[in-house]
Amino acid sequence: MKIEDKLTESILNGIKTLYNQEVPAKMVQLQKTKKEFEGHLTLVVFPFLKMSKKGPEQTAQEIGEYLKQNEPAIANYNVIKGFLNLTIASDVWIELLNRIHADNQWGIQKADDNAPLVMIEYSSPNTNKPLHLGHVRNNLLGSALANIMAANGNKVVKTNIVNDRGIHICKSMLAWLKYGNGETPESSGKKGDHLIGDYYVAFDKHYKAEVKELMAQYQAEGMNEEEAKAKAEANSPLMLEAREMLRKWEANDPEVRALWKKMNDWVYAGFDETYKMMGVSFDKIYYESQTYLEGKEKVMEGLEKGLFYRKEDGSVWADLTPEGLDHKLLLRGDGTSVYMTQDIGTAKLRFQDYPINKMIYVVGNEQNYHFQVLSILLDKLGFEWGKDLVHFSYGMVELPEGKMKSREGTVVDADDLMEAMIETAKETSNELGKLDGLTQEEADDIARIVGLGALKYFILKVDARKNMTFNPKESIDFNGNTGPFIQYTYARIQSILRKATEAGLSIPAVIPSGIELSTKEEGLIQMLADFTNVVKQAGTDYNPSILANYAYDLVKEYNQFYHDFSILREENEALKIFRLALSQNVGKVVKLAMGLLGIEVPERM
């Protein structure tokens, strides 16, 4: 039984004895005592003043006295205005630590057969370029959220929708045909996604040069700059060729389709390497080339039912003005689909494939409007889950230098970023002497764990809804609210436990009671117990940062304890064993919390 539940029962009995009143349990408001006051839990007594017919202080005094006499869990109490601060007895904390100690998966709830199924979509890359810093935030958030939802007892399906069709894909294909000289990942030594990304940049470079040349020609003929630019963009031979290639692709032209498949396969091999290094995975991948036709079919169905309307140019639209929005294009005049059409098709296929109870889309906040519209359209089309879809909207991530643009080749590549983080971790760890005495293989593995841990933690500790600046240098600091600081504390605990084993000490399955604990030790047990609520809260709010900041607060508290108290040098044997058990459980919970965020912790550092 949780301490709060036990106390609630005693408080209800006290109210009955003192004031002859039966009250519902929800009237008992217990919260953590503020740091500046003595105590562990605080009872708000204002709801009971009508029954006591006394002032808040006197009422708190009476309830406190009753609990001290009748509830063994209460060691002491004090009253501050209308708040009753309760101090829990040491034995109760040890009993609680024993419950945590006995459960290797403390705070984690396993899914049973009747658990709801949550599908989470994240990553959503385009096959015309490698993954970049923005994708890193998306993947880390999606993967962490999937772990958190699973830890809350849900069945989880992790899914990815790959944008593998459209004009942007044709741009890379055309540039490769024109300027590639048959270059392949093997011949160039480049990852496939990087190779294709280079051709996307090459297309843009040549296209801009064409537009510039045509603009000069049109301006010389007397057009103003704006008119010249519009005409030049419309008449660019390169863009016209790309559009022609897209038409051929949609018409299933065998040559275009063969080239498309070959180049996409290169990209997928590159993506797989990046995902593996990042530590993210998917249960099911959907491809827009397979879903867009499904979407077109649903839109045409909606048109027949009078849900949508057709304009003179043949395009199909949805009128969303009754919902307070505008008119939304669903099919272009030439019959080609837009993103919305594809998302309708993808949603239809997913709900055919899985009995989904909740659908969560991890997509940047620039798409807020898109998902508002998608939810309404799915609902109109008769999908009852449409209005309940969740858009897990997150802010942009930038580097201290500013924004990124993939067309201009100024994007921060995910592979380069991860490599640089590992390299920086290696340099920093060497400078601090943290890799001394390790083999090259061990040192490399620790640098990988620390570098990627620094990257992941720095991104996940920020509330997803906020825009953020990723600062590589700051993220790898071994002090402060960083991944390496948490990892180092975990490694320190493992070192203490190894030394204890070498000294012949072992931690029993049940930690004996009868020890007087310090406030710091009781506070640490209270924090460990809180982990169950933290996991729940992170799932309810779809907020991995709650978990990240909890892990930091826990290790910060542990480091103060480590600084103030002896562990292996403690002379009282029972206290020494207790402190080892406390340390071991702090390590366990840190590992669980970081694991949910997709962050490894090293055994030594």
Side-chain angles (χ1 to χ4, degrees), residues 1-15 18 23 25-49 52 54-100 106-107 513 515-537 546-547 549-561 563-565 578-579 582 585-586 589:
M1 190 191 246
K2 284 169 74 177
I3 290 177
E4 287 85 348
D5 296 343
K6 193 176 181 173
L7 286 185
T8 298
E9 218 173 88
S10 295
I11 290 162
L12 294 175
N13 289 336
I15 299 298
L18 293 167
V23 297
K26 65 176 181 207
M27 271 184 84
V28 178
Q29 296 170 37
L30 283 167
Q31 54 205 33
K32 267 178 108 168
T33 303
K34 287 182 178 169
K35 277 199 167 162
E36 58 268 31
F37 302 123
E38 194 188 318
H40 300 106
L41 291 168
T42 296
L43 173 70
V44 182
V45 300
F46 296 107
F48 310 117
L49 299 186
S52 70
K54 293 169 186 154
E57 295 200 17
Q58 203 181 340
T59 306
Q61 201 71 38
E62 285 179 351
I63 298 171
E65 201 50 47
Y66 172 87
L67 291 173
K68 196 175 176 189
Q69 302 301 328
N70 297 282
E71 174 49 76
I74 299 299
N76 220 328
Y77 72 92
N78 66 81
V79 175
I80 308 281
K81 296 184 175 161
F83 299 94
L84 171 61
N85 300 323
L86 301 167
T87 301
I88 313 294
S90 286
D91 279 1
V92 178
W93 291 117
I94 292 171
E95 190 187 312
L96 179 55
L97 182 61
N98 272 316
R99 279 190 25 234
I100 297 166
W106 174 255
S513 53
I515 310 163
E516 266 312 305
L517 302 182
S518 67
T519 310
K520 186 65 79 183
E521 288 161 328
E522 291 167 348
L524 271 172
I525 297 171
Q526 195 171 10
M527 281 188 89
L528 291 177
D530 274 350
F531 183 57
T532 48
N533 294 329
V534 170
V535 173
K536 210 169 282 176
Q537 186 79 48
I546 292 174
L547 207 52
N549 289 295
Y550 165 83
Y552 169 63
D553 289 340
L554 178 60
V555 299
K556 193 169 65 168
E557 207 59 32
Y558 179 81
N559 279 313
Q560 283 178 1
F561 157 74
H563 181 265
D564 296 346
F565 295 88
F578 162 80
R579 284 178 184 162
L582 179 60
N585 283 284
V586 168
V589 169

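Position 1 is the first residue of the sequence, and the numbers go up from there.
A distance-only check finds a donor-acceptor pair linking the side chain of Trp106 to the backbone of Leu528 [under 3.5 Å].
Residue Ile525 holds its CD1 atom at 4.5 Å from CG of Leu97, rounded to the nearest 0.5 Å. Note that CG of Leu524 and CZ of Phe561 are 6.5 Å apart. Values are rounded to the nearest 0.5 Å. Interatomic distance, Ile74 CD1 to Ile88 CD1, rounded to the nearest 0.5 Å: 4.0 Å. The distance from the CG atom of Leu554 to the CG atom of Asn549 is 12.5 Å, given to the nearest 0.5 Å. In this structure, CG on Leu7 lies 9.0 Å from CG on Leu43, to the nearest 0.5 angstrom. With rounding to the nearest 0.5 Å, the separation of NZ in Lys6 from CD1 in Ile11 is 13.0 Å.
Scanning all heavy atoms of the two residues, the minimum distance from Pro47 to Gln29 falls at CG-NE2, 3.8 Å. The two atoms that bring Ser90 and Ile515 nearest to each other are CB-O, 3.4 Å, heavy atoms only. Listed here is the closest heavy atom pair of Val44 and Phe48: O-CE1, 3.9 Å. Nearest heavy-atom pair, Leu30 versus Glu4, reported as atom, atom and distance to 0.1 Å: CD1-O, 3.8 Å. Of all non-hydrogen atoms in Phe565 and Ser518, the two that sit nearest each other are CZ-OG, 3.4 Å. Taking each heavy atom of Pro56 and Gly82 in turn, the nearest pair found is CB-CA, 3.6 Å.
With sequence neighbours left out, Gln31 forms a side chain to side chain donor-acceptor pair (under 3.5 Å) with no residue at all. Residues passing the side chain to side chain donor-acceptor pair (under 3.5 Å) test with Thr8, sequence neighbours excluded: none. Every residue meeting the side chain to side chain donor-acceptor pair (under 3.5 Å) condition with Gln537, not counting sequence neighbours, appears here in chain and number order: Asp541. Shown here are the side-chain contact (heavy atoms from CB on, under 4.5 Å) partners of Pro72, two or more places apart in sequence or in another chain: there are none. The side-chain contact (heavy atoms from CB on, under 4.5 Å) check on Lys556 picks up Tyr552, Asp553, with sequence neighbours excluded. Take Phe578 and apply the ring-ring contact (aromatic ring centres under 6.0 Å, His included) test, not counting sequence neighbours, and it matches no residue. Applying the side chain to side chain donor-acceptor pair (under 3.5 Å) criterion to Asn559, with sequence neighbours excluded, gives Thr489, Arg492. Residues that satisfy the salt bridge (Lys or Arg N to Asp or Glu O under 4.0 Å) test with Glu521, not counting sequence neighbours, are Arg579. Annotation: side-chain contact (heavy atoms from CB on, under 4.5 Å) contacts of Ser52 (sequence neighbours excluded): Tyr19, Leu49, Lys54, Thr59. With sequence neighbours left out, the side-chain contact (heavy atoms from CB on, under 4.5 Å) criterion links Val534 to Ile546, Leu547, Tyr550.
Remark: Lys34 NZ is loosely packed, at most 12 non-hydrogen atoms of other residues, nucleotides or ligands lying under 6.0 Å away.
Applying the side-chain hydrogen bond (donor to acceptor under 3.5 Å, both in side chains) rule to pairs touching residues 77-87 yields Thr42-Asn85, Gln61-Tyr77, Glu65-Tyr77, Asn78-Asn85, sequence neighbours excluded. Pairs engaging residues 523-536 under the salt bridge (charged side-chain N to carboxylate O under 4.0 Å, His left out) rule: Lys32-Asp530 [sequence neighbours left out].
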One pair to check against side-chain contact (heavy atoms from CB on, under 4.5 Å): Leu41 and Ile3. What are the steps and the verdict? CA-CA 10 Å; Leu41 291 168; Ile3 290 177; 3.9 Å; yes
Can you list the steps and then say if Ser513 with Glu95 is a side-chain contact (heavy atoms from CB on, under 4.5 Å)? CA-CA 7 Å; Ser513 53; Glu95 190 187 312; over 6 Å; no
Can Leu96 and Arg99 be said to form a side-chain contact (heavy atoms from CB on, under 4.5 Å), step by step? CA-CA 5 Å; Leu96 179 55; Arg99 279 190 25 234; 3.6 Å; yes
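Using a 4.5 Å cut-off on side-chain heavy atoms (C-beta onward), Ile80 and Phe37 make contact.
Side chains of Gln526 and His40: no donor on one and acceptor on the other come within 3.5 Å.
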